[in-house]
Amino acid sequence: MKETSAVPVAGNGLLGRRYFLKTSASAAIGVSAALLSARASAAQRETWMRVPGSGMSEAGAPSRFETQLKRTAIGAQPGTVGSGASRTPLEHLDGIITPSRLHFERHHNGIPDIDPAQHKLVVHGLVDRPLAFDLESLHRYSQVSRIQFLECSGNSGALIAPQPLKANCSTLHGLISGSEWGGVPLAALLEEAGVQSKARWIVAEGADAAAMARSVPLHKVMDDAIIALYQNGEPLRPANGYPMRLFLPGWEGNASVKWLRSIHVTDQPAMTKDETSKYSDLRDDGIAEQFTFPMGVKSVITSPSPGLKLNEHGIYQVSGLAWSGVGVIRRVEVSADGGVSWADAALDEHVLPKSLTRFRCAWHYRGAPATLLSRATDQAGNVQPTRTALMQGRAPGSIYHCNAIAAWQIDANGEAHHVYV
Ligand SMILES: Nc1nc2c(c(=O)[nH]1)N[C@H]1C(S)=C(S)[C@@H](COP(=O)(O)O)O[C@H]1N2
Ligand SMILES: [Mo]
């Protein structure tokens with residue numbers, strides 16, 4: 001690769017967000033005379049140009065060469081099949097939309113096989129008129145679209161371990177995905193049912209064998225909650241809640257109840273298992289904080305990251321995802337010297353509220369060991385905390401809502417390793 005005379009804007013070769021506007025990565029391979037003459041000769045065409053290609057199909061699949069495009073770190077609780085999680089292969093994707101077949105999964109008792117013709121959502125409790133909706137009736141309401149993230153509050157929880165786990169980006173951070181969610185605003189359904197003045201919460205329950213249930217404050221429901229029917233333009237996939245799920249933009253994934261069967265309007269939370277013993281944050285004074293709903297401002301470098309080797313010295317793109325449960329991402333900074341100095345990353349064109357935001361920053365890798373970090377700031381001015389700051393006041397083993405700055409160390413061989421700074 002051609003060495004360029006780029007001017008670093010921060011330590012260890014960071015060239016910043018403007019570099020690619022003026023210059024290219026100069027990563028192209030030189031063209032030899034032999035390659036040019038081979039191009040001109042029909043006899044030397046590549047093998048796949050000499051036979052007709054394969055035919056059409058009912059559904060597409062990735063290239064057979066892209067074997068890494070799979071959910072990773074799939075694990076179930078001992079003795080169960082479907083109580084566990086699978087992760088999005090973040091390090092092999094770009095952009096802000098996760099292909100539906102790679103959306104992470106988190107199930108408390110497997111994926112139910114729901115026949116939509118027999119499934120109903122019932123709205124009841126503190127309402128004037130209890131109502132039932134099937135898939136067909138929901139399709140008659142006006143729908144909205146939300147290009148937003150869904151993150152499990154257990155995502156990145158491994159960062160509280162005393163020593164950094166030897167793991168890659170998706171294993172550590174892959175319980176997050178981004179989709180276009182299409183569905184009916186829950187406020188419209190509740191207005192039709194007539195919410196009574198005493199109502200403050202809803203309790204949403206799923207039709208899975210776990211009958212997973214969560215309480216959600218009414219103000220969130222009325223603000224931007226939807227009953228999602230579509231994911232990236234197609235009906236929800238069974239793993240992600242088919243035929244209908246609650247979707248609460250920016251809030252911890254657990255509260256977005258899948259396979260939704262009941263909305264019980266109440267005056268108080270139900271104190272279900274998943275809002276008491278789970279998904280609450282134990283402090284070191286022994287008190288557990290409950291209902292930590294919006295996901296904190298966060299970012300993660302997806303490339304380079306463990307498993308993606310830098311094979312040459314030269315200009316690379318440090319690229320990753322940033323998001324915040326309170327709104328849009330204002331800024332992402334990248335450091336190549338473990339946080340001593342920082343450069344502003346460029347944000348891709350789609351900077352949407354409560355959505356994944358893609359950032360990129362040019363970096364000149366010269367073979368010297370470097371520690372790459374990213375730090376996001378959201379519209380409310382919240383800045384992603386260091387791991388040390390995040391751990392302050394937390395009880396040991398309290399894994400939920402971990403939005404700490406993560407670090408990859410790039411060694412002299414161009415390989416990345418998970419480290420703490
Ligand atoms: N009914 C039901 N809803 C559920 C769950 C579940 O097991 N059952 N898992 C929750 C958790 S912990 C998360 S993080 C998200 C995951 O959604 P996904 O599997 O579509 O990624 O769904 C939530 N909704
Ligand atoms: Mo979750």
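Because the structure is a prediction, the values reported are computed rather than measured. Indexing begins at 1, ligand by ligand and atom by atom, following the structure's order. Every heavy atom of this structure was used, including side-chain atoms; hydrogens, water molecules and symmetry mates were not.
- Polar contact check, His103 against ligand 1: a nitrogen or oxygen pair lies under 3.5 Å apart.
- Here the protein heavy atom with the shortest distance to atom 2 (C) of ligand 1 is Asp208 OD2, 3.4 Å.
- Among the atoms of Trp259, none of the N or O lies under 3.5 angstrom from an N or O of ligand 1.
- Of the listed options Arg214, His108, Arg87, His108 places a heavy atom closest to atom 7 (O) of ligand 1.
- Geometric assessment of Arg71 against the ring of Phe104 yields a negative cation-pi assignment under the 6.0 Å and 45° thresholds.
- For the pair Arg375 and Trp342, the distance from NZ or CZ to the six-membered ring centre is under 6.0 Å and the angle to the ring normal is within 45 degrees.
- Among all non-hydrogen protein atoms, the one lying nearest atom 3 (N) of ligand 1 is Lys258 N, 2.9 Å.
- Per-residue contacts place Val257 under 4.0 angstrom from the following atoms of ligand 1 (heavy atoms of the residue considered): 1 (N), 3 (N), 24 (N).
- Look at Glu252 and Arg214 and you find a salt bridge, because one of the NZ, NE, NH1 or NH2 atoms lies within 4.0 Å of a carboxylate O, short of that distance.
- Nearest protein heavy-atom contact of atom 21 (O) of ligand 1 is Phe104 O, 2.7 Å.
- No donor-acceptor contact under 3.5 angstrom links the side chains of Ser83 and His108, judged on distance only.
- For ligand 1 and His107, the ligand atoms under 4.0 Å from any heavy atom of the residue are 7 (O).
- A side chain to side chain contact (heavy atoms under 4.5 Å, CB included) with Asn155 is found for exactly one of Leu175, Val300, Leu172, namely Leu175.
- At the top of the distance list for atom 14 (S) of ligand 1, counting protein heavy atoms only, stands Cys152 CB, 3.3 Å.
- By the 4.0 Å N-to-carboxylate-O rule, Glu333 lies close enough to Arg331 to be salt-bridged with it.
- The contact set between ligand 1 and Asn240, taken as ligand atoms under 4.0 Å from a residue heavy atom, comprises 18 (P), 19 (O), 20 (O), 21 (O).
- For an aromatic pair to be called close, the ring centres must be under 6.0 Å apart, and Trp251 with His401 fails this.
- Only the side chain of Leu150 comes within 4.0 Å of ligand 1, counting heavy atoms alone; its backbone N, CA, C and O stay farther away.
- What sits closest to atom 15 (C) of ligand 1 on the protein, heavy atoms only, is Gly253 O, 3.5 Å.
- Set against the non-hydrogen atoms of Tyr279, the atoms of ligand 1 under 4.0 Å away are 12 (S).
- At a threshold of 4.0 Å, the pair Asp94-Arg358 counts as salt-bridged, since one of the basic side-chain nitrogens sits closer than that to a carboxylate oxygen.
- For the pair Glu151 and ligand 1, the shortest N or O to N or O distance does not fall below 3.5 Å.
- With respect to the salt-bridge test (charged N to carboxylate O, under 4.0 angstrom), the residues Arg146 and Asp224 do not qualify.
- Between Arg237 and Glu234 there is a salt bridge, since at least one side-chain N of the basic residue sits less than 4.0 Å from a carboxylate O of the acidic one.
- For atom 24 (N) of ligand 1, the closest heavy atom belonging to the protein is Ser256 O, 3.1 Å.
- Look at Arg330 and Asp378 and you find no salt bridge, because none of the NZ, NE, NH1 or NH2 atoms lies under 4.0 Å from a carboxylate O.
- In this structure, a donor-acceptor pair under 3.5 Å is present between the side chains of Thr72 and Ser170.
- Looking from atom 17 (O) of ligand 1 to the surrounding protein, the closest heavy atom is Arg245 NH2, 3.1 Å.
- Distances below 4.0 Å separate heavy atoms of Gly206 from the following atoms of ligand 1: 1 (N).
- Nearest protein heavy-atom contact of atom 5 (C) of ligand 1 is Met212 SD, 3.4 Å.
- Taking 4.0 Å as the cut-off, Ala239 counts as a neighbour of ligand 1 on heavy-atom distance.
- At under 3.5 Å, not a single nitrogen or oxygen of Asn109, backbone or side chain, sits near a nitrogen or oxygen of ligand 1.
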